[in-house]
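Down below is the structure, laid out as structure tokens.
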Amino acid sequence: MKLKTLLLSACSALVFAGLASAETLTIATVNNGDMVRMQKLTDDFKAKNPGIDLQWVTLEENVLRQKVTTDIATKAGQYDVLTIGTYEVPIWSKLGWLASLDKLSADKDYDVNDLLPAIRSGLTTDGKLYAAPFYGESSMVMYRKDLFDKAGLKMPDAPTWDFVADAARKITDKDHEVYGICLRGKAGWGENMAFLTAMSNSFGARWFDDKWKAQFDQPEWKATLDFYVKLMKDAGPPGASSNGFNENLALFQSGKCGMWIDATVAASFVSDPKESKVADKVGFALAPDKGLGKRGNWLWAWNLAIPASSKKTEAAEKFISWATGKDYTNLVAQKEGWLNAPPGTRTSLYANADYQKAAPFAKMTLDSINSADPTHPTVKPVPYVGVQFVAIPEFQGIGTAVGQQFSAALAGQISVDQALKAAQQLTEREMKKAGYPK
């Protein structure tokens, strides 16, 4: 009896010691479909790493950006793994806010050289990788082939904005809640301004001239915003000024959008019969242009990174390696099908015959990613890099403030001219305060 008691006590002590030594990683992430899927599959990670527990903080895109930025800037240390975008990585790495992923880069099984060059370059500072891409994207047109056939229209592989606008008006049937086009209207530098900045590039607009002077008082921006607001009034859904990526995804999947111009990552969701009522009716095309040499497509990746202040770097790096490695892609394919494999990060995915067969949008996604050029994003010269954003720290605040003005114009609360005037004034004020030109 005494021996049994001693053995039980010893086992209890070992279990307690194991629990005490377990590390809990707090992971801040965005509420996009691919991230939600990752959370459901983390039993695989836990089985391979029994000493690491995971705690999730899942937030809407704009809220995530605010909370993560505040946390890392103040060194609060609330999160061990951050979900951040291509915008933040080069800025934060230069500020010393991120830990470099040296072990990941040296791991032959991880194979950092398999990462798509266009995506990897945006996450590298002074030759070091500071974040690993969970999925990468550009943007493109997703459209209803059945509605185009009914209207006697044929979508070109490389449409113009004029064609898109004409088609959107022709396929709109408001009596049956079918709207010709759904575009982002929700205010935010990574919401409506991601779309509108990429769109404006194709119209010949730019945020700043080569001397950092704001350009919202120029005709190219007026042409962009006039076109957008009028098109959405004629062929967009009601309440569009509140719609971001997730809201438009839901509208398209339920059959209420004839066209949607947004992230290439959405292609798998709109093509999945488990999630989309129109899965067998979807076609894809490149983002539109205005004949000036630039298409309205962006370049982005949602990435996992470690704050430099973290005391759990080794555990965090193990999680990032799992979530962004080749084995995770195979895990998703096994559990959810190749259609749902995280796109836009690895060359090997686009060479995979199973993926090519499952994902009819694969080539167009890759072409869109490779055609976006962050170093030459506009028709006229600019002093900044970034396609749908300006890669300076001040852009986050300025971009959101401008986005609020443009969202108000879309809602009809102010005119296009008023929105542009306010955007010009607030941008000039904030840039002067920040000391530009530098």
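Please read these numbers as outputs of a predicted model, since none were measured by experiment.
- Of all non-hydrogen atoms in V265 and E137, the two that sit nearest each other are CG1-OE1, 3.3 Å.
- Proximity of I27 to F319: side-chain heavy atoms (C-beta onward) are separated by under 4.5 Å at one or more points.
- Look at K213 and D217 and you find a salt bridge, because one of the NZ, NE, NH1 or NH2 atoms lies within 4.0 Å of a carboxylate O, short of that distance.
- A donor-acceptor distance shorter than 3.5 angstrom exists from the side chain of T83 to the backbone of A28, with no hydrogens or angles considered.
- Annotation: the span from L292 atom CG to E220 atom CD amounts to 9.0 Å, rounded to 0.5 Å.
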### Query
Could you go step by step and tell me if D146 and R144 meet the salt bridge (Lys or Arg N to Asp or Glu O under 4.0 Å) rule?
CA-CA 5 Å; D146 58 324; R144 289 269 301 278; 2.9 Å; yes
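- Salt bridge annotation for D262-R184: present, with a cationic side-chain nitrogen under 4.0 angstrom from a carboxylate oxygen.
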### Task
Might you work through the side chain to side chain donor-acceptor pair (under 3.5 Å) test for D373 and T375, ending with a clear yes or no?
CA-CA 5 Å; D373 185 357; T375 60; 2.6 Å; yes
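- In summary, R37 and D34 engage in a salt bridge, as defined by a charged side-chain N under 4.0 Å from a carboxylate O.
- The aromatic rings of F148 and F163 are tilted relative to each other, their planes meeting at an angle between 30° and 60°.
- Ionic pairing of K230 and D234 is present here: one or more N-O contacts between side-chain nitrogen and carboxylate oxygen are shorter than 4.0 angstrom.
- With hydrogens and angles disregarded, no donor-acceptor distance shorter than 3.5 Å links the side chain of D111 to the backbone of S105.
- Heavy-atom minimum distance, D272 versus A279: C-CB, 3.8 Å.
- Separating the OG atom in S254 from the CD atom in E177 is a distance of 9.0 Å, to the nearest 0.5 Å.
- Closest approach of F245 and A263 over heavy atoms only: CE1-CB, 4.0 Å.
- For K421, the NZ atom counts as loosely surrounded, since its 6.0 Å shell holds 12 or fewer non-hydrogen atoms of other residues, nucleotides or ligands.
- In this model, a donor atom of one side chain and an acceptor atom of the other lie less than 3.5 Å apart for N297 and S138.
- Within the 4.5 Å cutoff, the side chain of V178 has no heavy atoms near those of the T172 side chain.
- The minimum heavy-atom distance between P342 and L349, with the atom names listed, is O-CD2, 3.5 Å.
- Between D71 and K67, no side-chain nitrogen of the basic residue sits less than 4.0 Å from a carboxylate oxygen of the acidic one, so the salt-bridge criterion is not met.
- Side-chain contact, T125 with S93: a donor N or O sits under 3.5 Å from an acceptor N or O.
- Side-chain contact check for N201 and R295: no donor-acceptor pair (N or O, by modelled atom type) lies under 3.5 Å.
- Rounded to the nearest 0.5 Å, atoms CD (E275) and CG (L339) are 9.0 Å apart.
- Side-chain atoms of L420 and Q424, non-hydrogen and from C-beta on, never get closer than 4.5 Å to each other.
- Classified by interplanar angle (parallel below 30°, tilted 30° to 60°, perpendicular above 60°), the ring pair W212/Y436 is tilted.
- Rounding to the nearest 0.5 angstrom, the gap separating the CH2 atom in W56 from the CE atom in M35 is 8.5 Å.
- Using modelled atom types and a 3.5 Å distance limit, the side chains of S100 and D102 yield a donor-acceptor pair.
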### Message
Pair K433, E394 - check salt bridge (Lys or Arg N to Asp or Glu O under 4.0 Å), show working.
### Response
CA-CA 10 Å; K433 192 187 299 181; E394 295 79 13; over 6 Å; no
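- Using a cut-off of 4.0 Å between Lys/Arg side-chain N and Asp/Glu carboxylate O, D417 and K222 are scored as salt-bridged.
- For W207 and F395, the distance between ring centers is under 6.0 angstrom.
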### Task
Give the C-alpha distance, both sets of side-chain angles, the deciding distance and a yes or no for side chain to side chain donor-acceptor pair (under 3.5 Å) between E247 and S242.
CA-CA 8 Å; E247 292 81 7; S242 299; over 6 Å; no
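- To the nearest 0.5 Å, the span separating CD on E428 from CZ on F216 amounts to 10.5 Å.
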### Task
Evaluate the criterion side chain to side chain contact (heavy atoms under 4.5 Å, CB included) for residue pair K294 and T378; output intermediate values, then yes/no.
CA-CA 7 Å; K294 291 289 179 184; T378 55; 5.9 Å; no
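- More than 12 heavy atoms of other residues, nucleotides or ligands shown are found within 6.0 angstrom of NZ on K326.
- With respect to K128 and D126, no salt bridge is recorded, no charged nitrogen being found less than 4.0 Å from a carboxylate O.
- Y350 and Y355 have perpendicular rings, their planes meeting at more than 60° on a 0 to 90° scale where under 30° would count as parallel.
- Distance check: Q404 CD to N192 CG gives 9.0 Å after rounding to the nearest 0.5 Å.
- Between W97 and P307, the closest side-chain pair of non-hydrogen atoms is not below 4.5 Å.
- Here the side chains of N243 and L251 are in contact, with some heavy-atom distance below 4.5 Å.
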### Query
Taking it one step at a time, do N303 and T86 satisfy side chain to side chain contact (heavy atoms under 4.5 Å, CB included)?
CA-CA 7 Å; N303 315 284; T86 308; 4.1 Å; yes
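- In the model, W322 has a side-chain atom that pairs as donor or acceptor with a side-chain atom of D44 under 3.5 Å.
- Residue-environment remark: NZ (K174) exceeds the threshold of 12 foreign heavy atoms within 6.0 Å.
- Contact check on K186 versus E60 returns a salt bridge, with a Lys/Arg side-chain nitrogen under 4.0 Å from an Asp/Glu carboxylate oxygen.
- Here K145 does not pair with D149 in a salt bridge; the nearest charged N to carboxylate O distance is not below 4.0 Å.
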### Query
Step by step, would you call W300 with F389 a side chain to side chain contact (heavy atoms under 4.5 Å, CB included)?
CA-CA 10 Å; W300 184 256; F389 57 81; 3.8 Å; yes
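- A donor atom on one side chain and an acceptor atom on the other are found under 3.5 Å apart for T324 and Y110.
- Ring geometry for Y384 versus F208: interplanar angle over 60°, hence perpendicular rather than tilted (30 to 60°).
- The backbone N or O of E317 lies less than 3.5 Å from no partner atom in the side chain of S321, so there is not a single donor-acceptor pair.
- By the 30° and 60° cut-offs, the orientation of the rings of Y87 relative to W189 is tilted.
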### Query
Under the side chain to side chain contact (heavy atoms under 4.5 Å, CB included) criterion, do M259 and V164 qualify, and how do the steps go?
CA-CA 9 Å; M259 279 182 286; V164 165; 4.0 Å; yes
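- The nearest pair of heavy atoms linking C257 to N248 is SG-O, 4.4 Å.
- When all heavy atoms of I171 and G258 are compared, the closest pair comes out as CD1-CA, 3.7 Å.
- A 4.5 Å side-chain heavy-atom check between F269 and N32 finds every atom pair outside the cut-off.
- When ring centroids are compared, W260 and Y143 stay outside the 6.0 Å threshold.
- A ring-centre distance under 6.0 Å is not found for F134 and W302.
- Looking at L59 and V30, their side chains never come closer than 4.5 Å, going by heavy atoms from C-beta outward.
- D280 is not listed as a side-chain neighbour of P273, based on a closest heavy-atom distance of 4.5 Å or more.
- Heavy-atom contacts from other residues, nucleotides or ligands closer than 6.0 Å to NZ of K438 number more than 12.
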